[in-house]
There are 2 protein chains.
Amino acid sequence: MQLSPTAQRFVLHWGEMGTRWGVNRTVAQIHALLFLADRPLNADEIVETLGVARSNVSVSLKELQGWGLVRVVHVMGDRRDHFQTFEDVWDIFRVVVEERKRREIDPTLTVLRDCTLEAESDPMLSDSARRKLQMSLDFMESMAEGYDELKRLPPATLMRLLHFGSKVQRWFGRKDEAPDNERK
Amino acid sequence: MQLSPTAQRFVLHWGEMGTRWGVNRTVAQIHALLFLADRPLNADEIVETLGVARSNVSVSLKELQGWGLVRVVHVMGDRRDHFQTFEDVWDIFRVVVEERKRREIDPTLTVLRDCTLEAESDPMLSDSARRKLQMSLDFMESMAEGYDELKRLPPATLMRLLHFGSKVQRWFGRKDEAPDNERK
DNA sequence: ATTAAATTTCAGAAAAGTCAGAAATTAAAG
DNA sequence: CTTTAATTTCTGACTTTTCTGAAATTTAAT
């Protein structure tokens, strides 16, 4: 499959962004390609379009399936697997957020819970360090909670919520006007 | 400086999380260490505590200063630089979000704007691809907007907002009940 | 100015991550 | 059951990133 220069730029940039967020470049590129494609693509089409090794595509597709971002479909009269991803960016966003929560936030929560518990009876730890560990735990729990909310919202709601941010701020922001930018 | 086992676990885990999100392990570890420390630390104390090379610490500290996460302070009667970070996790969160927006989201917005513009007159591009590019742009713009709101909120407000998520959902969620989980 | 301490730069070693091609496996068709 | 197509696994080469130790530079004190 021949990519238009526009599509090519999109795919390449997405690959770069992937690397910045801890995602393999090829994985991100394949995902971008499937996103733009008008139909499910088979592995060889991806190989041809992106110019990477067949094996690389195979591994990357497995990775994307592991994330729940790509699924296999079949085309009539063709025995090869074909791959597609969501058409709606918001769906992609939600899946990514959900998976990162599961893979990184949740384990971090476990560690933080252990740490705060352990901290109570750790004589080497200062009160202020104890306090900061507790704060980190509270923070992460708020984040996890926020994530869970997020994933329940339908895309349109989410979008409206984001656009609505400034108004929410006006409602909620009244009470704590302390700039609170000073340190230690 | 000798770390308690609890603090050690925290620092090590934070280093691992860093690598998962595209941040250098040492950089993340140093940041975690400064966060837990009761006072500003000098470079040699960091070297000693984390067991990494002096030069590595120097470069990592520069990186952290580049992110606006660490600042240099001086201790009376000591000519060495000492380093500290925010005490409040929410401050850290806001700085990181802000910086990532500036470094990754904004450049992505530029690319997406170019792409959607180019797409209009690109005959190789299907209508559906054009539409998806536009959707991506809209999405990223919403995200950028949301980020900007976020950074203006004082920590306490942000926290309340997150905890309030479920209620917001009930208000906003009424109109679009389409589960909309199907693909292509 | 000279000396000494502190910090940064730099070049290369070490480690981690990425990727291609061959070999092995699986699945389908005849 | 055999043949062939499709896919996956595995190994090693290559690339990039991370990290160290030495040298160079900067900064401060005498």
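Labels below follow one simple rule: chain letters A, B, ... track the order of the sequence lines, proteins then strands, and each chain is numbered from 1.
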| note | The side-chain contact (heavy atoms from CB on, under 4.5 Å) partners of B:L41 (sequence neighbours excluded) come to B:M1, B:L33, B:L34, B:A37, B:R39, B:E45, B:I46

| task | Start with the C-alpha gap between A:E141 and A:R113, add the side-chain angles, then the distance that decides, and say whether salt bridge (charged side-chain N to carboxylate O under 4.0 Å, His left out) holds. | result | CA-CA 10 Å; A:E141 271 171 347; A:R113 288 201 186 100; 3.2 Å; yes

| Pick from A:T116, A:D122, A:D114: which one makes a side chain to side chain donor-acceptor pair (under 3.5 Å) with B:T6? | A:D122

| query | Any salt bridge (Lys or Arg N to Asp or Glu O under 4.0 Å) pairs touching residues 11-33 of chain B, not counting sequence neighbours? | reply | A:E104-B:R20, B:E16-B:R25

| In one Ile/Leu/Val/Met/Phe/Trp/Tyr side-chain cluster, 4.5 Å: B:L12, B:V27 | no

| query | Stepwise, does the salt bridge (charged side-chain N to carboxylate O under 4.0 Å, His left out) test hold for A:E99 with A:R102? | reply | CA-CA 5 Å; A:E99 278 298 304; A:R102 199 175 63 74; 3.0 Å; yes

Quick one: which protein N/O atoms are closer than 3.5 Å to N/O atoms of nucleotides 11-13 of chain D? Pair and distance per line, please.
none

| task | Report yes or no: does B:S58 contribute a side-chain atom to a donor-acceptor pair with the main-chain N or O of B:R54 at less than 3.5 Å? | result | no

Pairs under 3.5 angstrom, nitrogen or oxygen only, protein versus nucleotides 15-18 of chain C, please.
residue, atom, partner, partner atom, Å
C:dT18, O5', A:N24, ND2, 3.3

| request: Round to a whole Å and report the spacing from CG of A:L41 to P of D:dT7. | output: 13 Å

| remark: In numerical order, the residues of residues 58-66 of chain A whose heavy atoms come under 4.0 Å of DNA chain D are A:S58, A:K62

| message | Would you say that A:E63 contacts A:I30 through its side chain, given a criterion of any heavy-atom pair below 4.5 Å between the two side chains? | response | no

| message | Closer than 3.5 angstrom, by distance alone: can the side chain of B:R9 be matched with the main-chain N or O of A:V111 as a donor-acceptor pair? | response | no

| task | Indicate if A:V75 and A:F83 have the same hydrophobic cluster label, given that clusters are the connected sets of ILVMFWY residues with side-chain heavy-atom separations under 4.5 angstrom. | result | no

| Rounding to a whole Å, what distance do you find between B:I30:CD1 and C:dT7:C1'? | 14 Å

| message | Any heavy-atom pair between the side chains of A:P5 and B:M124 that's under 4.5 Å? | response | yes

| Taking all non-hydrogen atoms of both residues, which atom of B:W21 and which atom of B:R100 are closest, and how far apart? | O-NH1, 3.1 Å

Close N or O pairs between protein and nucleotides 1-6 of chain D (under 3.5 Å):
residue, atom, partner, partner atom, Å
D:dA5, N3, A:R79, NH2, 3.3

| Counting heavy atoms not belonging to B:W14, are there more than 12 under 6.0 Å from its CH2? | no

| request: Take atom CD1 of A:I46 and atom P of C:dC19, then tell me their distance rounded to the nearest Å. | output: 14 Å

